[in-house]
Amino acid sequence: MGNENTDEKKNKTILNFIESIIEENLKNGKNDASVHTRFPPEPNGYLHIGHAKSICLNFGIAQKYKGKTNLRFDDTNPVKEDVEYVDAIKEDIQWLGFQWHSEHYASDYFEQLYQWAIQLIKEGKAYVDDLTQEEISKNRGVPTSPGIESPYRNRSVEENLDLFQRMRKGEFPDGSRVLRAKIDMASPNMHMRDPIMYRILHASHHRTANAWCIYPMYDYAHGQSDAIEGITHSICTLEFEVHRPLYDWFCENLKIHHPQQIEFARLNINYTVMSKRKLLQLVQEKHVMGWDDPRMPTICGLRRRGYTPESIRNFAETIGVAKRENVIDISLLEFCVREDLNKKALRTMAVLEPLKLIIDNYPSNKEEYLTAVNNPENPTDGVRSIPFSRELWIERSDFMEDAPKDFFRLTPGREVRLKYAYIIKCENVEKDDKGNVVAVHCTYDPETRSGMPQSNRKVKSTIHWLSAKHAKTAEVRLFDRLFNVPEPDDCCEGKTFIDNLNPNSLQIVTAFIEPEFINTNTLSNYQFERIGYFCIDKDSTSDKPVFNRTVALKDMWTKKQILA
RNA sequence: UGACCAAUGGUGUAAUGGUAGCACUGCAGUUUUUGGUACUGCCUGUCUAGGUUCGAAUCCUGGUUGGUCAACCA
């Protein structure tokens with residue numbers, strides 16, 4: 001309730017620059033005062049958190065202004081695209097919590113785009129160029145000086161028509177000719193120097209198969225696709241800003257609906273990379289387990305890592321939208337997932353690095369069941385029973401033989417509380433030949449079981465534990481950041497982002513978990529008390545659960561240790 | 001040595017000519033049977049030089065810095 005109020009308030013008072021533009025348009029009655037956005041991925045890779053920003057923006061704006069959002073696959077390059085990606089993209093968008101109004105493909109518009117090209121040729125606004133790729137590139141010139149017009153630029157309409165139709169029929173080999181828009185070879189904007197509209201590509205397309213051997217370029221397809229769908233606001237990232245004059249040129253010269261292209265700054269996050277090409281390389285070179293490796297910034301990777309759709313949506317909302325280049329601190333993403341999981345995740349106890357603890361005055365044949373709270377943040381999640389006995393596992397880091405004064409946990413002569421159980425006192429330690437502590441001997445105070453009056457006694461700390469003879473084991477995958485520098489792309493001479501990979505980004509341990517733990521629903525989120533948030537990985541089996549660490553709990557103590 | 005875009009604490013993002021606010025991070029404290037959560041407090045900011053104005057983060061001009069553009073990729 002409180003959240004809804006503040007959200008509403010926020011939505012009303014704080015507009016990002018795109019919403020400001022839209023509200024202005026709405027006020028002026030532009031596009032019949034309607035909003036229709038689209039999310040236009042190319043199906044050549046998996047979606048990542050940067051796409052999530054765009055998805056939340058496009059779908060979010062439509063929701064806010066009671067409009068629609070299309071899903072359109074920008075599939076104009078058959079050699080890079082695949083249905084595998086189409087399916088994955090759709091799954092990711094839905095998992096994030098959005099449903100598109102209708103599903104489209106740029107390839108659905110190939111015939112219309114072709115007819116429009118004919119129209120431009122007839123108007124003398126497009127021509128077939130026989131120059132080689134190298135010649136075209138050379139003639140285009142450089143940004144600081146004008147280009148040179150192609151010798152084929154002034155062919156007759158009839159010849160252009162004939163040539164273009166024969167291009168479609170497949171009479172010419174790949175690369176032999178292109179169709180170009182006749183604009184201005186001297187434009188300071190490189191994209192206006194007679195941009196290529198069509199290239200010959202004798203390649204099978206994932207949807208149109210072999211129906212076409214000429215394919216439109218992005219610039220010739222995108223704006224018109226938007227126009228066909230009646231898109232009102234075509235939101236894209238900053239690098240397309242210089243394409244906008246061309247986007248406008250095609251809409252104007254074709255005399256079709258003219259959506260407004262608006263550019264925003266893409267998302268960057270430190271300690272990771274955010275380009276499809278680089279993510280593909282990580283997968284292909286097997287630096288990670290796959291696109292859905294929990295260390296990847298892909299949406300499927302974050303999902304497998306235990307991130308929730310809500311946490312990602314809230315992240316997208318929190319980072320805002322603007323035109324300035326930005327690098328978001330990874331700690332904000334972590335904050336968003338902790339914030340969400342703190343409310344939702346059931347608590348359980350697990351010991352990742354076990355140390356034996358023996359309660360010398362607890363009868364060896366005795367065992368009892370104690371009540372544990374499933375989620376202190378949500379009483380309706382109820383309670384459970386956990387077994388207690390003489391020999392326990394505790395976390396090795398919860399014991400220290402020679403402890404500094406700010407160490408609150410177990411140390412010889414000190415009392416601590418075993419969560420949900422008794423207050424114990426450390427009496428002595430047992431060591432092996434090399435002097436390593438192999439067990440801690442304690443005594444317990446039977447009057448201090450949780451709930452008893454004596455249990456209110458103040459102790460320095462409370463630690464988690466598991467009954468040694470009852471505990472089950474599980475594989476736990478501890479992930480750390482994939483790269484060990486804030487800007488992996490920022491490499492010195494001769495190095496690449498691969499050289500910045502963190503060799504210790506995955507650590508696998510065998511841990512003890514509560515014996516009653518039977519849930520094997522992939523993706524269920526848990527909090528291992530005092531450790532972090534974990535979720536069940538798809539590699540789990542009924543006899544061997546596998547957990548992924550989503551994110552560690554904030555931990556003042558270990559932070560202090562690292563700094564010291 | 002071109003065009004376009006941008007510049008607010010460590011990181012993001014507001015303030016739409018009128019008190020520079022919010023979130024994250026960091027630091028300190030309160031509460032706590034999680035060194036978690038919650039709560040409180042603190043640190044830290046308008047790139048620069050001029051101009052317009054009673055008043056400028058905001059408008060104008062110059063500079064500086066950063067980004068984008070020279071695929072038959074999107």
Side-chain angles (χ1 to χ4, degrees), chain A residues 10 13-16 20 40-42 44 74-77 79-81 106 129 132-133 136-138 140-147 174-180 187-193 196-201 214-215 217-219 221-222 236-245 263 265 270 276-277 318-336 338-339 342-343 347 349 373 376-377 406-409 416-421 423 450-451 455-456 458-464 527-533 552-560:
Chain A
K10 204 160 64 178
T13 55
I14 299 179
L15 301 179
N16 62 50
S20 301
E42 184 189 12
N44 70 340
D74 252 339
D75 55 352
T76 54
N77 185 3
V79 303
K80 286 188 177 175
E81 296 150 8
D129 197 343
T132 63
Q133 187 166 173
I136 289 176
S137 170
K138 189 161 153 269
R140 188 151 30 221
V142 291
T144 50
S145 63
D174 286 5
S176 58
R177 286 174 226 266
V178 291
L179 183 71
R180 293 230 253 168
S187 170
N189 182 338
M190 298 296 287
H191 297 277
M192 300 301 274
R193 318 248 266 221
I196 291 168
M197 295 162 60
Y198 273 94
R199 75 283 214 188
I200 301 172
L201 237 38
I214 56 171
Y215 290 92
M217 298 289 291
Y218 166 85
D219 282 313
H222 196 91
C236 62
T237 44
L238 246 32
E239 66 269 27
F240 292 101
E241 206 153 23
V242 282
H243 295 241
R244 178 153 32 96
E263 309 85 10
N270 56 15
K276 277 197 207 171
R277 203 206 89 229
T318 306
I319 58 177
V321 181
K323 296 194 74 157
R324 126 177 59 164
E325 298 289 333
N326 61 85
V327 182
I328 305 291
D329 199 316
I330 186 70
S331 65
L332 181 60
L333 220 209
E334 294 176 345
F335 166 80
C336 289
R338 281 195 196 101
E339 183 187 41
N342 176 51
K343 293 180 293 194
R347 313 291 131 122
M349 295 200 279
V373 174
E377 303 293 321
D406 57 349
F407 181 81
F408 302 154
R409 283 108 98 148
V416 300
R417 187 192 311 278
L418 293 173
K419 182 136 185 158
Y420 302 129
I423 292 174
S450 288
S455 72
N456 290 329
K458 282 273 179 244
V459 289
K460 277 265 193 185
S461 74
T462 300
I463 65 174
H464 62 278
Q527 184 196 103
F528 290 174
E529 295 233 27
R530 303 206 306 131
I531 301 176
Y533 295 100
L553 247 34
K554 268 173 74 176
D555 181 353
M556 303 307 260
W557 169 244
T558 48
K559 190 197 279 177
K560 236 156 80 175

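Letters go in sequence order (proteins before strands), and every chain restarts at 1. Small disclaimer: the values here were computed from a predicted structure and weren't measured. Quick note: numbers below take in every heavy atom, side chains included, and nothing from hydrogens, waters or symmetry partners.
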- prompt: NA contact type, A/Val459, heavy-atom cut-off 4.0 Å: base, sugar-phosphate, or nothing?
  reply: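 Since no nucleic acid heavy atom lies under 4.0 Å of A/Val459, the category is nothing.
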- request: Give one of base, sugar-phosphate or nothing for A/Val79, where a contact means two heavy atoms less than 4.0 Å apart.
  value: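 No contact at all - A/Val79 keeps every heavy atom at 4.0 Å or more from the nucleic acid.
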- prompt: Reading RNA chain B 5' to 3', what string of ( ), [ ], | and . shows its pairs, if Watson-Crick and G-U wobble pairs count only when both distances fall under 3.5 Å?
  reply: .((((((..((((....[..)))).(((((.......)))))....(((((..]....))))))))))).....
field: Results of salt bridge (charged side-chain N to carboxylate O under 4.0 Å, His left out) for A/Arg338 - residues two or more places apart only
entry: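 If we apply the salt bridge (charged side-chain N to carboxylate O under 4.0 Å, His left out) test to A/Arg338, skipping adjacent residues, there are no hits.
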Roughly how far apart are [X] [atom1] and [Y] [atom2], rounded to 0.5 Å?
X	Y	atom1	atom2	answer
A/Asn189	A/Arg244	CG	CZ	10.5 Å
A/Leu179	A/Met217	CG	CE	11.5 Å
A/Asp75	A/Lys80	CG	NZ	14.0 Å

task: Could you list the residues that satisfy ring pair (Phe, Tyr, Trp, His ring centres under 6.0 Å) with A/Tyr218, not counting sequence neighbours?
output: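 Testing A/Tyr218 for ring pair (Phe, Tyr, Trp, His ring centres under 6.0 Å), a comparison that skips the adjacent residues, returns A/His222, A/Phe240.
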task: Could I get the full list of ring pair (Phe, Tyr, Trp, His ring centres under 6.0 Å) partners for A/Tyr533, not counting sequence neighbours?
output: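 In terms of ring pair (Phe, Tyr, Trp, His ring centres under 6.0 Å), with neighbours along the sequence ignored, A/Tyr533 is linked to no residue.
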field: Summary of protein contacts for nucleotides 63-74 of chain B, nucleotide by nucleotide, where a base hit scores B, a sugar-phosphate-only hit scores S (4.0 Å, heavy atoms)
entry: ----SSSBSBSB
statement: Each nucleotide of nucleotides 32-40 of chain B classed B (base within 4.0 Å of a protein heavy atom), S (only sugar-phosphate) or -, in 5' to 3' order, makes -BBBBS---
Nearest-angstrom distance, [atom1] atom, [N] to [M]:
N	M	atom1	value
B/A23	B/C5	P	34 Å
B/U53	B/C59	C1'	10 Å
B/A7	B/A74	P	31 Å
B/G45	B/U58	C1'	16 Å
B/U16	B/G10	P	24 Å
B/G55	B/U65	C1'	29 Å
B/G41	B/G21	P	14 Å
B/U44	B/A20	P	15 Å

Residue pair [X] / [Y]: nearest heavy atoms and the distance that separates them:
X	Y	answer
A/Arg180	A/Asp129	NH2-OD2, 3.1 Å
A/Gly141	A/Met190	O-CE, 3.4 Å
A/Asn342	A/Glu377	O-CG, 3.3 Å

Nearest-Å distance for atom pair [atom1]/[atom2], residues [X] and [N]:
X	N	atom1	atom2	value
A/Leu15	B/U13	CG	C1'	13 Å
A/Ile328	B/G10	CD1	P	16 Å
A/Lys323	B/A6	NZ	C1'	8 Å
A/Asp329	B/U25	CG	P	9 Å
A/Asn270	B/U25	CG	P	13 Å

message: Could you check whether any side-chain heavy atom of A/Arg530 comes within less than 4.5 Å of a side-chain heavy atom of A/Ile463, counting everything from C-beta outward?
response: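 A side-chain contact under 4.5 Å exists here.
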- request: Measure the shortest side-chain to side-chain distance between A/Glu241 and A/Lys323 over non-hydrogen atoms and say whether it is less than 4.5 angstrom.
  value: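 The answer is yes, as the side chains (C-beta and beyond) meet within the 4.5 Å cut-off.
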query: When you check the glycosidic angle of B/A71, does it come out syn, meaning within 90° of 0, or anti?
result: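 Judged by the O4'-C1' to base torsion, B/A71 sits in syn, the angle falling within 90° of 0.
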field: Side-chain donor-acceptor pair present, A/Ser331, A/Asp329, cut-off under 3.5 Å
entry: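 A/Asp329 and A/Ser331 do have a side-chain donor-acceptor pair below 3.5 Å.
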